[in-house]
Every structure is written in C-alpha cells, then in structure tokens.
Student: 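So that we are looking at the same thing, I have put the structure below in structure tokens.
Predicted model, so just to flag it, every value in this text is computed and none were measured.
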Amino acid sequence: MEQAHTEPERQLLPAPLEPLGLPDAALETAAGEEAEGDLEEGSEDCTMKENNFWLKKIEISVSEAEKRTGRNAMNMQETYTAYLIETRSVEHIDGQSVLTDSLWRRYSEFELLRNYLLVFYPHIVVPPLPEKRAEFVWHKLSADNMDPDFVERRRIGLENFLLRVASHPILCRDKIFYLFLTQEGNWKETVNETGFQLKADSRLKALNATFRVKNPDKRFTDLKHYSDELQSVISHLLRVRARVADRLYGVYKVHGNYGRVFSEWSAIEKEMGDGLQSAGHHMDVYASSIDDILEDEEHYADQLKEYLFYAEALRAVCRKHELMQYDLEMAAQDLASKKQQCEELATGTVRTFSLKGMTTKLFGQETPEQREARIKVLEEQIREGEEQLKSKNLEGREFVKNAWADIERFKEQKNHDLKEALISYAVMQISMCKKGIQVWTNAKECFSKM
Amino acid sequence: MSGGPPKALPSTGPHSLRDMPHPLAGSSSEEAVGGDSTPSPDLLMARSFGDKDLILPNGGTPAGTSSPASSSSLLNRLQLDDDIDGETRDLFVTVDDPKKHVCTMETYITYRITTKSTRVEFDLPEYSVRRRYQDFDWLRNKLEESQPTHLIPPLPEKFVVKGVVDRFSEEFVETRRKALDKFLKRITDHPVLSFNEHFNVFLTAKDLNAYKKQGMALLTRVGESVKHVTGGYKLRSRPLEFAAIGDYLDTFALKLGTIDRIAQRIIKEEIEYLVELREYGPVYSTWSALEGELAQPLEGVSACIGNCSTALEELTDDMTEDFLPVLREYILYSDSMKNVLKKRDQVQAEYEAKLEAVALRKEDRPKVPADVEKCQDRMECFNADLKADMERWQNNKRQDFRQLLMGMADKNIQYYEKCLMAWESIIPLLQEKQEAK
C-alpha cells in the first residue's frame with residue numbers, strides 16, 4: 001500500500017455547505033466515518049490485518065550501540081554512535097521469535113523518520129525521541145553525548161520510541177516506518193522522495209496563524225494551555241530532582257569517611273576495637289549504595305522526560321489545528337469579499353474600495369462589456385472558492401475529529417504510564433529506605449558489641 | 001497497552017514494572033512491600049542488651065565496674081565499693097527545670113539541682129537548689145584545685161562559637177541541661193570526688209555566693225601540697241604506662257576531632273538536601289492541579305515527600321542536639337586529662353630531682369630525709385589515683401560511646417522507618433483505579 005505518496009487516509013465526500021467554517025458538531029457525517037474505514041479496526045497490535053505490513057506479531061529492540069567514524073555531509077571526519085535495530089516476528093503457536101530484520105541506524109535517521117511522521121500525520125500526537133543532548137544533569141552524570149551511560153539511556157529511549165510508533169494503530173501502518181526497520185540502504189532517499197520537507201508548514205506561518213485565528217476549537221486552545229503548563233512543571237520537576245540527587249549523593253558519600261576514622265580509632269582501643277571496625281565497614285557499604293540508587297532514579301527521570309517532550313507533540317497538533325482553522329477563516333473571508341465585489345459590480349454600487357473603482361472614477365467608467373467580463377471572472381473565482389471552502393471545511397472537521405480521537409488515546413496512555421512511573425518511583429524509595437534500615441541496623445549491632 | 005509488540009510496557013527502565021514483583025504481592029522477595037525479612041529493631045535491641053550494663057535514665061552512667069586493685073593510696077580508705085547494679089547507691093543528683101531570670105544587669109538561666117542522699121555528709125535526705133552555669137564553672141575549678149590528682153569531668157562550653165546560636169533557645173538550653181546533668185552524675189559516681197566538700201556545698205547551700213566569698217575552703221593535704229609544686233622540674237622520662245595513656249589520649253582526641261568534623265559535614269549536607277526536598281515536593285502539587293486522573297496520585301507523592309522532609313529535619317535536629325555535644329565533651333575531657341598527666345609528671349619530676357639532690361649530698365645515710373619521703377608519697381598517691389580514674393574513665397567512655405553511637409544508628413533507623421511508612425502508604429493510593437473522568 002503506497003501510503004508514502006498520498007495524503008493520509010482520508011476520502012473526501014461532499015458535505016453540506018458551511019460558509020464560515022465554524023465547527024459544527026451536527027456535521028459528523030457518514031462521510032467522516034467511512035473515511036476512517038481504514039483505521040477503524042483500531043487494533044493496537046500490528047497483526048494480520050489488511051493494509052498492514054506486519055503479517056505476524058513483531059518484536060522490536062534496539063539491542064546495541066556502537067561508536068563509528070565516518071565522513072559527514074561536509075566531508076569532515078566525525079564520530080557518531082550507531083544503534084542496532086532488530087525486528088523479530090513471533091510465531092503465534094509456540095511463541096518462538098525469529099529474527100527477520102536487523103540494521104544499524106544513527107540518531108539523525110531517527111530524527112528524519114520523526115519529522116516525516118510529523119508532516120504526514122499532523123493529527124497524531126507523534127511519540128518523541130529521547131533528548132538530543134543530556135539535560136537536567138546532576139553533577140555526576142556526564143553531559144557528553146559519547147558517555148557510555150548517556151548512550152545506554154539513549155538506546156533505551158530509541159527503543160521506546162520505536163515501540164510507541166509500532167503500537168500506535170495508525171502510525172504502525174506507515175510504509176516509511178516499515179522501511180526504516182527493514183531497508184538499510186537508500187532509506188534516506190526514499191524518505192526524501194516523499195517530499196515531506198516541502199509539505200512541512202513553515203514556522204512563521206504557524207506562528208502567524210496562532211495569533212490571528214478567530215475561532216479555534218476551544219478544546220484545542222485549552223489543550224495548548226495544558227501542554228504549555230505541563231512542559232513548564234515537568235521541567236521544573238526535573239531540575240529540582242537533579243539537585244535533590246546531587247545532595248543525596250553528598251550525604252551518603254560523606255558517611256564513607258566514618259569507615260576510615262572508625263578503623264583508625266579501633267586501632268587504639270581494646271574492647272571497643274572490633275565493634276568500631278565492623279561498624280565502619282557498614283558505613284562504607286552505606287556510602288557506596290547510593291550509586292545504584294541514583295542510577296535507578298535516572299530511569300524515572302527518563303520517563304518524565306518522555307512526557308515533557310510529548311507536551312511538545314501535543315502542542316504541534318494544536319498548532320496544526322490553528323493553522324487549518326486560520327486558513328479556513330481566510331478562505332471564507334476572501335470568498336465573502338469576492339462575493340461582495342461581485343454584488344457591487346452587478347448592482348453598480350461601490351461600497352468597498354477597489355483600485356478599479358478608483359481608476360474608473362479618475363479615468364471614466366468602464367464599458368458594460370468590461371464589467372460583464374469582470375463579473376464573469378469573479379463568479380468563476382467564487383465558484384472555485386466555494387469548492388475550496390467546502391473541502392477545507394471538511395478537512396478541518398476531519399482533522400478535529402481524528403486529532404481528538406488520538407488525543408483521547410494519548411490521554412489514556414499518559415495517565416497509565418505516569419501512574420506506573422510514580423508507582424515505580426515509590427517502589428524505588430521503599431527499596432532505598434529498606435536498605436538504609438538494614439545498614440544502620442547492622443551498624444547498631446556492631447556498636448552494641450563495643 | 002493491549003497486545004502491542006510483546007515487549008513489556010514501553011517504559012524506559014531496564015526493570016520493566018512487569019519484572020518487578022508487585023508491591024503488594026507479599027512475597028518473600030526483599031522488594032515486596034509487605035514482606036519484611038529484617039528483624040525489627042526492637043528485637044535486636046533485646047538481643048544485644050542481654051546482660052550488658054544498665055543504661056540509666058537521664059543518660060547517667062552507672063558506677064564504675066571495677067575497684068582499683070591498689071590500696072596503697074592514702075585516699076583509698078575513702079573509696080566506697082563501687083557496685084555494679086547500683087543497689088547500694090546512696091547519692092542521686094538530677095539537673096532539670098531550666099528557668100530564665102531577667103534582672104536589670106543581665107539575663108541568665110538557672111537550673112534546678114535535686115539531691116537525694118542517705119550519706120551522713122548530708123544533713124537532710126533531700127535538697128533542691130537553683131544554680132546557674134557560673135556556679136558549675138566555680139565548682140569545677142574548685143574540684144580541680146582540691147583534687148588535682150583526679151580527672152574532673154568537663155563542662156559544656158561556656159560560649160557558643162559556631163554560628164549565631166540563641167543562648168536562650170529551647171534547644172540550646174536543653175542541650176546544656178543534659179551536659180550539666182552528665183557532669184554532676186559523673187562526679188556523683190566518683191568514689192572520691194562525690195565526697196568533696198565543695199561538691200556538697202554546691203548541692204546543698206541556699207546561698208552559694210556567700211560561700212564562694214568565704215575564700216579558700218579547706219584543702220586536703222595533697223591538694224595544698226600539689227599546689228605548691230612549682231614548675232621547672234624536668235622529667236626525665238614518663239613511666240611506660242603513663243606514656244601509653246598520653247599517647248592514647250592524643251590519638252583519641254585526634255580521632256574524635258575527625259568524627260566531629262564528619263558529623264558536622266553530614267548534618268550540613270543533610271540540611272542542604274532538606275532545602276531541595278522542600279522545593280521538590282510542592283512541584284508535584286503544582287502538577288496535580290493540572291491533571292484529572294493523575295491529580296490524586298501526584299498530590300499523594302507531594303505529601304509523601306513532605307513527610308520525608310519532616311523526618312529528615314527531626315534527624316538533623318537530633319544529631320545536632322544529642323550527638324555533637326557529647327563528642328565535644330569528650331574532646332574537652334581528654335584535654336583536661338592531659339593536663340592532669342602533666343601535673344603528675346611535675347610531681348614525679350620534683351621527687352626525682354630531690355632524690356638526686358640527696359644522692360649527691362652523700363652526707364645523709366641511707367635514711368631518706370622527710371621531705372623527700374613526702375614527695376615520694378605524693379607521687380605514689382597521684383599515680384594510684386590517676387590509674388584508678390583512668391580505668392574508670394575507660395569504662396565510662398566505652399559505655400558512653402556505645403550509647404552515643406547506638407543512638408546515632410537508632411535515629412537514622414527511625415528516619416528511614418518514617419520515610420518507609422510514608423511511601424508504603426501511598427502505594428495503594430497510586431494503584432487505585434480512578435473512576436472519575
């Protein structure tokens with residue numbers, strides 16, 4: 001199925017005329033439903049369905065990362081990391097998995113894939129990539145992209161990204177995505193051939209629309225505010241969490257000094273010596289336990305980061321809506337003014353200023369033939385305009401419907417995932433407390449033997 | 001997520017939640033919230049405290065365990081038999097009830113000293129007087145003067161140097177009260193010092209100032225004579241055992257100093273950690289206000305972090321009030337002990353010098369002149385007292401530090417238990433199925 005070259009799955013059917021393109025709930029037509037026919041199965045798994053590349057259940061993993069050197073676009077030597085993507089299909093009967101595809105991709109190719117998806121599925125909340133550069137670091141973490149810990153966390157993030165896309169009912173059917181996982185060479189050319197870069201809305205246009213749109217769907221406006229605030233609060237949270245981690249690290253590590261001094265002190269003591277010495281050992285254990293604890297917490301931070309970036313994806317959908325709505329409003333305005341012009345010409349009254357009118361006044365009236373010609377042109381334009389408006393209107397409503405459906409899906413996912421993240425965070429804290437109790441109980445026992 | 005690629009939930013952690021045992025699974029795994037494989041602290045306490053020495057309330061130390069073996073000292077006849085279980089104790093002293101006094105010239109705190117005793121040295125069975133820090137200082141000086149061969153317990157520091165501490169804050173006053181109580185109890189436990197006349201007056205006199213003004217009180221023979229030892233005698237060599245004590249005290253003070261610095265550093269780091277936590281918790285609240293289904297879980301996490309912050313604050317307060325002062329006390333103690341060692345050296349030096357002078361004179365027969373004999377007596381008394389006190393001190397030190405360090409461990413255990421409780425209690429809240437949409 002050639003999805004790459006066509007507008008995403010929507011068949012436009014005629015709908016009742018709606019001049020100013022106000023969203024009208026009553027117009028959830030059969031047209032819209034039928035157009036969704038392709039997606040209607042809504043299955044999360046990409047199993048044996050039509051219009052689907054996945055004949056069997058698949059497993060995707062980003063299993064390895066490797067440092068590579070090569071020449072970049074400017075023919076300069078560069079070092080980058082490549083990631084191995086393995087796809088396995090799972091036999092239903094015995095659950096065994098067979099490796100079907102395996103190829104290497106670098107981060108920039110993931111970015112390319114995502115940008116493509118953003119352009120061709122503007123109504124979908126597209127899963128985000130892990131961060132390009134390490135942010136919200138606390139002092140021990142390296143901000144270096146080549147650092148093994150960073151690379152490892154990025155590997156996990158990239159795998160997560162692919163899993164998200166693969167489990168999305170609409171995105172998983174995309175051919176380019178399929179090729180990303182299966183076609184190593186030439187993939188970049190294939191993506192670029194879709195012409196998605198040209199299709200992309202300019203930032204400027206989008207910004208302009210945001211300011212000037214008059215009647216966006218209130219749900220999207222609210223959603224935009226929500227995503228702004230979500231972004232702000234999660235950023236704040238991550239910043240403070242990094243500082244908390246820093247301080248906690250300090251507290252644990254200083255306790256290690258007890259180990260040394262207790263050992264030295266025990267050397268001059270007779271009865272107290274053994275107890276002190278062994279207690280000191282527990283202090284060392286305590287001090288070194290923080291490393292694992294904080295490493296675990298990084299995964300929690302990564303889960304939060306994913307939703308920080310998801311907020312941006314949400315905003316993108318809202319922006320697209322505003323753009324379409326603005327477009328619609330402009331088209332309607334344009335149509336209205338043309339109609340008015342036409343009317344004035346027909347009735348001979350000049351209510352609106354026009355250059356033609358001015359020159360007519362200055363240089364004399366035009367001939368009836370000339371006027372007739374102009375009216376004809378305008379009428380043609382009006383007809384075209386009405387057609388366009390109709391289709392823009394329909395497009396707009398389709399977009400709102402589909403986007404909102406995906407947003408609802410996203411909300412469910414977000415609530416579920418973040419709850420799981422909070423639970424796992426609580427479990428981490430519980431584990432940390434129990435370790436603390438254990439160590440100090442051991443130390444106390446040593447002290448009691450002093 | 002239903003039926004996606006059979007990988008676990010698209011979570012970023014290597015421990016997918018499905019791999020971790022369910023928090024409420026109550027399995028034998030250590031991760032399980034319900035199952036707790038570590039013995040409760042109470043059990044441990046009982047086990048380890050079996051036959052160990054009693055820890056008395058108010059942090060008082062029990063009487064020293066062993067009597068000094070030597071009985072040659074003149075003063076040994078005044079020693080009561082130190083008993084282990086405190087049954088035959090006949091003197092009990094407590095410091096409590098601090099009160100602020102505001103006068104025209106100054107403001108100060110007094111403490112109530114309650115004494116109960118059956119000793120003949122006390123006219124009444126019970127006394128209650130009020131004393132201020134000045135009075136304790138006076139007492140200590142008097143004890144040092146009158147019992148120079150003994151180790152006098154230290155007082156808490158007169159002035160507070162570190163930071164701008166309010167002399168009248170509850171914490172400061174309580175810390176000081178505990179230290180003063182310890183001071184008096186140590187004297188009470190001492191077989192010689194507890195019979196000291198100044199001590200008696202301190203405990204009983206209605207008007208201490210009048211007594212202070214009386215001037216020189218009766219000094220013991222030894223005290224007076226030691227006072228008259230002028231310096232300037234050089235000691236050839238310290239006897240091995242006292243050299244060992246000196247070395248020990250040097251290293252001991254050094255290690256304590258290090259521990260003090262470490263403890264202070266830990267408290268500092270903990271306070272900074274606390275500052276960050278106090279900002280961290282509320283952010284979850286802010287987030288909760290944006291959300292629908294997540295509002296309660298987020299609010300729960302915020303409250304939880306708040307509880308942990310409070311627990312941490314309690315820990316740092318406790319360590320500051322209870323741990324650090326005792327360390328400092330012992331550093332002061334070992335300093336004053338080193339001074340006593342030096343005085344002992346002086347006495348020995350004087351004796352050796354006089355002995356040498358006699359040997360050189362050759363006139364006198366083997367009969368040793370009286371004053372040299374006196375010196376020898378003095379020295380031997382000093383040595384015996386010091387040895388006895390050192391042994392007592394070592395035992396008390398061991399008790400005190402065991403208690404101190406166990407206390408430190410305890411406070412940390414309590415802190416973690418409070419946090420554990422907080423986090424365990426929100427797990428059900430987090431897992432709750434939210435019906436409201």
Student: With chain B as the partner, which of Ala279(A), Pro130(A), Cys433(A) has the greatest number of non-hydrogen pairs under 4.5 Å?
Tutor: Cys433(A)

Student: I'd like to check Lys444(A) versus Asp410(B) (side-chain heavy atoms, cut-off strictly below 4.5 Å). Are they in contact?
Tutor: yes

Student: Which pairs with one or both residues in residues 247-256 of chain A pass salt bridge (Lys or Arg N to Asp or Glu O under 4.0 Å), sequence neighbours excluded?
Tutor: Arg247(A)-Glu272(B), Lys253(A)-Asp291(A)

Student: Give a yes-or-no answer on whether the side chains of Tyr226(A) and Glu291(B) include a donor-acceptor pair shorter than 3.5 Å.
Tutor: yes

Student: Would you mind telling me which of Thr258(B), Ile259(B), Val301(B) has the largest number of heavy-atom pairs within less than 4.5 Å of chain A?
Tutor: Ile259(B)

Student: Would you give the length of the straight line joining atom OG1 of Thr251(B) to atom CD1 of Ile268(A), rounded to the nearest 0.5 angstrom?
Tutor: 5.0 Å

Student: Checking Tyr280(B) now: which residues fulfil ring pair (Phe, Tyr, Trp, His ring centres under 6.0 Å) with it, not counting sequence neighbours?
Tutor: Tyr284(B)

Student: To the closest 0.5 Å, what do you measure between OG1 (Thr441(A)) and CD1 (Ile413(B))?
Tutor: 3.5 Å

Student: Check whether any side-chain N or O of Arg402(B) sits under 3.5 Å from a backbone N or O of Phe447(A) as a donor-acceptor pair, and report yes or no.
Tutor: no

Student: Give the intermediate values and the outcome of side chain to side chain contact (heavy atoms under 4.5 Å, CB included) for residues Leu422(A) and Ile426(B).
Tutor: CA-CA 10 Å; Leu422(A) 290 177; Ile426(B) 65 154; over 6 Å; no

Student: So which residue, Glu264(A), Gln429(A), Glu271(A), ends up with the most heavy-atom pairs under 4.5 Å with chain B?
Tutor: Gln429(A)

Student: Sort Ala263(B) into side chain, backbone, both or neither according to what part of it lies under 4.5 angstrom from a heavy atom of chain A.
Tutor: both

Student: To the nearest 0.5 Å, tell me how far Lys255(B) NZ sits from Ser263(A) OG.
Tutor: 9.5 Å

Student: For Ile427(B) versus Ile423(A), what's the shortest heavy-atom pair and its separation?
Tutor: CD1-O, 4.3 Å

Student: In terms of heavy-atom pairs under 4.5 Å with chain B, which of Lys414(A), Lys270(A), Met432(A) leads?
Tutor: Lys414(A)

Student: For Leu162(A), is it the side chain, the backbone, both or neither that has a heavy atom under 4.5 Å from a heavy atom of chain B?
Tutor: neither

Student: Of the non-hydrogen atoms in His236(A) and Glu279(B), which two are nearest, and what is the gap between them?
Tutor: NE2-OE2, 3.0 Å

Student: With rounding to the nearest 0.5 Å, note down the distance linking CG in Leu248(A) to CD in Glu270(B).
Tutor: 10.0 Å

Student: Got a second to check how far Arg261(B)'s CZ is from Asn257(A)'s CG, nearest 0.5 Å?
Tutor: 10.5 Å

Student: Between Gln431(B) and Lys419(A), is a side chain to side chain contact (heavy atoms under 4.5 Å, CB included) present by the stated rule, with each step listed?
Tutor: CA-CA 8 Å; Gln431(B) 291 174 323; Lys419(A) 259 215 271 192; over 6 Å; no

Student: Pick whichever of Leu290(B), Leu274(B), Leu256(B), Asp247(B) has the most heavy-atom pairs under 4.5 Å with chain A.
Tutor: Leu290(B)

Student: Highest number of heavy-atom pairs under 4.5 Å with chain B: which of Gly436(A), Gly275(A), Ala443(A), Cys446(A)?
Tutor: Gly436(A)

Student: Heavy atoms only: give me the nearest Ile262(B)-Val254(A) pair and the separation to one decimal.
Tutor: CG2-O, 4.0 Å

Student: Would you say Glu424(B) and Lys434(A) make side-chain contact, with heavy atoms under 4.5 Å?
Tutor: yes

Student: Which atoms of His225(A) come close to chain B, meaning under 4.5 Å heavy atom to heavy atom: side chain ones, backbone ones, both, or neither?
Tutor: neither

Student: Restricting to non-hydrogen atoms, name the atom on Glu269(B) and the atom on Gly250(A) that form the minimum distance, rounded to 0.1 Å.
Tutor: OE1-CA, 3.8 Å

Student: Test side chain to side chain contact (heavy atoms under 4.5 Å, CB included) on Trp287(B) and Leu418(A); report intermediate values, then the result.
Tutor: CA-CA 12 Å; Trp287(B) 187 0; Leu418(A) 288 176; 3.6 Å; yes

Student: Leu304(A) versus chain B, heavy atoms under 4.5 Å apart: side chain, backbone, both or neither?
Tutor: side chain

Student: State, yes or no, whether a side-chain contact exists between Tyr273(B) and Tyr252(A) at a heavy-atom distance under 4.5 Å.
Tutor: no

Student: So what's closer than 4.5 Å to chain B heavy atoms on Phe262(A): side chain, backbone, both or neither?
Tutor: side chain

Student: Assess whether atom CG of Asp274(A) is packed by more than 12 heavy atoms of other residues, nucleotides or ligands within 6.0 Å.
Tutor: no

Student: If every non-hydrogen atom of Ala409(B) is compared with every non-hydrogen atom of Trp440(A), which pair is closest and at what distance?
Tutor: CA-CE3, 3.5 Å

Student: Could you walk me through whether Glu269(A) and Phe252(B) pass the side chain to side chain contact (heavy atoms under 4.5 Å, CB included) test, one step at a time?
Tutor: CA-CA 9 Å; Glu269(A) 296 291 342; Phe252(B) 178 71; 4.0 Å; yes

Student: Which pair of heavy atoms, one from Glu276(B) and one from Val240(A), lies closest together, and at what distance?
Tutor: O-CG1, 3.8 Å

Student: When you look at CZ of Arg265(B), are more than 12 heavy atoms from neighbouring residues, nucleotides or ligands closer to it than 6.0 Å?
Tutor: no

